Amino acid sequence: MPALRIEKKSGEWKVAPQLRDYEALRESFSWAKAAAEELQGLPGGRGLNIGFEAVDRHALGARSEQCAIRFLQREGGHEDFSYGRLYEATNRFANLLASLGLKKGDRVFGLLGRVPELYVTALGALKAGAVFCPLFSAFGPEPIQTRLSLGEGKLLVTTAALYQKKVAAIRASLPYLKHVILVDAAARPDTIGWREAMSNASPDFVVPPTDPEDLALLHFTSGTTGKPKGALHVHQAILAHHVTGRLALDFRAGDVFWCTADPGWVTGTSYGILSPLSNGVTMVVDAQDFDAQRWYQILEEQRVSVWYTAPTAVRMMMKGGSELSRGRDLSRLRFIASVGEPLNPEAVLWGVEALGLPIHDNWWQTETGGIMIANYAAMDIKPGSMGRPLPGIEAGVVRRREDGSVEVLPDGEPGELALRPGWPSMFRGYLNEEARYRKCFAGNWYLTGDLAKRDTEGYYWFVGRADDMIKSAGHLIGPFEVESALLEHAAVAEAGVIGKPDSTVGEVVKAFVSLKPGYEAGETLKRELLGFARTRLGAAVAPKEIDILPALPRTRSGKILRRLLKARELGLPEGDTSTLEGGA
Ligand code: AMP
């Protein structure tokens with residue numbers, strides 16, 4: 001492990017970090033105490049509601065006039081939502097849900113870019129007791145259809161263009177979907193117009209009693225086999241969103257926070273909506289896609305003080321060269337963090353050179369709902385490490401034995417990263433898949449599916465995935481979903497999909513197929529297959545490369561050996577091939 005260490009000396013802090021004495025806070029921390037001290041709860045002891053904690057308590061208190069979210073528009077210009085304005089808009093949306101007949105627990109899906117209506121939908125749905133589920137706007141019709149149908153989405157909020165391109169053709173196959181609201185169109189026979197419906201809804205709303213264990217969020221995540229899994233989160237999760245935002249992202253009053261993750265994924269919801277609002281900070285949201293020049297400009301002009309981004313974005317900034325940052329006044333920037341994929345040491349150090357601050361890696365996943373392991377502001381950074389478990393989180397590196405028991409491994413030995421269940425944002429199940437959920441737990445540990453090791457100072461180091469999942473540009477992609485789409489093409493007999501290492505986006509999706517008799521391999525067919533997958537899956541998920549092979553390697557039981565496809569692609573040893581069909 002590298003000896004490199006970025007030391008943090010207390011005398012150098014511009015402002016003292018929230019989490020200073022790690023050992024002492026770990027010792028004294030309890031979730032119950034944090035709940036009592038940091039959250040308000042619904043008035044009259046009527047429970048805990050995420051929407052109330054994120055919006056209402058500030059709007060009804062001292063922050064009503066404070067900017068909650070500044071939306072930067074694509075073409076320039078911005079629109080500000082104060083906590084008071086957000087309160088009124090989310091009240092209207094909650095009333096609109098009731099007028100459409102939606103009840104507690106019903107699923108509301110958002111298929112939108114980073115526009116105000118998405119944030120109003122998410123927070124209004126939570127206040128009304130509905131379950132909010134985000135869909136990434138770059139998904140193609142197939143991932144959208146699968147998730148809306150598995151999640152039994154009753155209402156979808158989207159734009160006219162996204163509806164036309166991705167939903168209209170599949171609507172007949174979605175029997176649960178009762179209503180579609182278009183944010184930028186007037187009412188039509190089969191869709192509702194946002195503006196009119198919202199102006200007809202009352203601006204007054206009182207959040208109904210909410211049990212902390214009531215379902216609040218549904219986040220789909222991919223699996224290596226089978227359909228995507230719907231991770232279920234409850235209102236209690238806001239406690240973890242709030243506390244981890246304060247401890248790992250160092251939120252404090254007066255901060256301007258920018259989370260670059262899209263709210264179509266879990267980071268963009270937990271830390272792109274809920275955690276910053278619960279902490280009462282001002283958020284910046286940019287509707288535009290990545291552009292290095294624009295990003296420096298946002299950091300400077302919006303006086304961003306805390307920035308949460310992803311390794312792919314950092315590497316893309318690095319490619320742009322640090323000249324782009326010269327002459328920029330980034331003196332407001334106090335803390336930078338990153339999540340989603342391994343953050344290479346060069347990227348941590350580039351932060352120091354180009355932005356004047358190291359980038360602090362942290363680790364979590366859809367199932368954990370919030371940050372679990374972090375390089376918090378006060379700690380020495382060992383570039384390449386994910387940091388240490390936050391107060392309230394117990395982590396370990398374990399090996400699952402054949403008999404289902406779990407052995408905790410000594411420091412330095414790689415194994416599966418595991419967490420002790422019990423933190424508030426832990427997922428409460430996979431939608432309708434009890435057995436798949438139970439398989440994630442053994443010996444009172446939650447097993448994360450990631451391989452890691454811990455050093456003697458308690459720092460965790462990412463080693464890899466324990467499964468075949470692909471991380472491309474920070475998006476978790478299940479090979480099964482991609483293979484299924486390719487198999488729908490008339491020419492494809494078999495499909496196997498892997499992640500191929502890439503120096504910018506981490507991994508690119510690469511597919512291997514074999515053909516049915518009568519089809520000829522060649523560049524034309526390859527292009528056709530890539531286009532076919534892209535139309536169905538969307539650019540974020542579809543393979544970027546494809547190879548046609550005479551046959552794909554399978555186990556004797558018929559499973560395609562992605563591991564072997566990957567080893568061959570990378571010219572690595574093939575490992576144990578004794579289960580290979582046709583002999584070793
Ligand atoms: P998702 O559920 O889509 O947020 O993806 C979670 C997965 O992303 C984790 O299980 C890891 O495989 C990966 N991941 C998240 N954060 C990190 C990190 N800091 N370093 C390495 N991998 C990460």
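Counting starts at 1 for both ligands and their atoms, in listed order. This structure is a prediction, so every number in the text was calculated from the model and none was measured. Basis for what follows: all heavy atoms, side chains included, without hydrogens, waters or symmetry-related copies.
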- Task: Please collect all ring-ring contact (aromatic ring centres under 6.0 Å, His included) contacts where either partner lies in residues 374-395, sequence neighbours excluded, each pair once.
- Result: Tyr22-Tyr376
List the atom pairs, donor and acceptor, that lie under 3.5 Å between side-chain atoms in residues 116-124 and the rest of the protein, sequence neighbours left out.
unit_1 : atom_1 : unit_2 : atom_2 : d
Thr121 : OG1    : Glu117 : O      : 2.7

- For ligand 1, would you mind listing the residues that have at least one heavy atom less than 4.0 Å away, ordered by chain and number? Val266, Val339, Gly340, Glu341, Pro342, Asp361, Asn362, Trp363, Trp364, Gln365, Thr366, Met386, Asp450, Phe462, Arg465, Lys471, Leu476
- Query: Any side-chain heavy atom of Pro228 sitting closer than 4.5 Å to one from Thr221?
  - Reply: no
- Considering the options Glu481, Glu488, Arg147, which one meets the side chain to side chain contact (heavy atoms under 4.5 Å, CB included) requirement together with Glu142? Glu488
- Would you say Arg534 has more than 12 foreign heavy atoms packed within less than 6.0 Å of its CZ? no
- Item | Contacts of Tyr271 that satisfy ring-ring contact (aromatic ring centres under 6.0 Å, His included) - sequence neighbours left out | Tyr308, Trp364
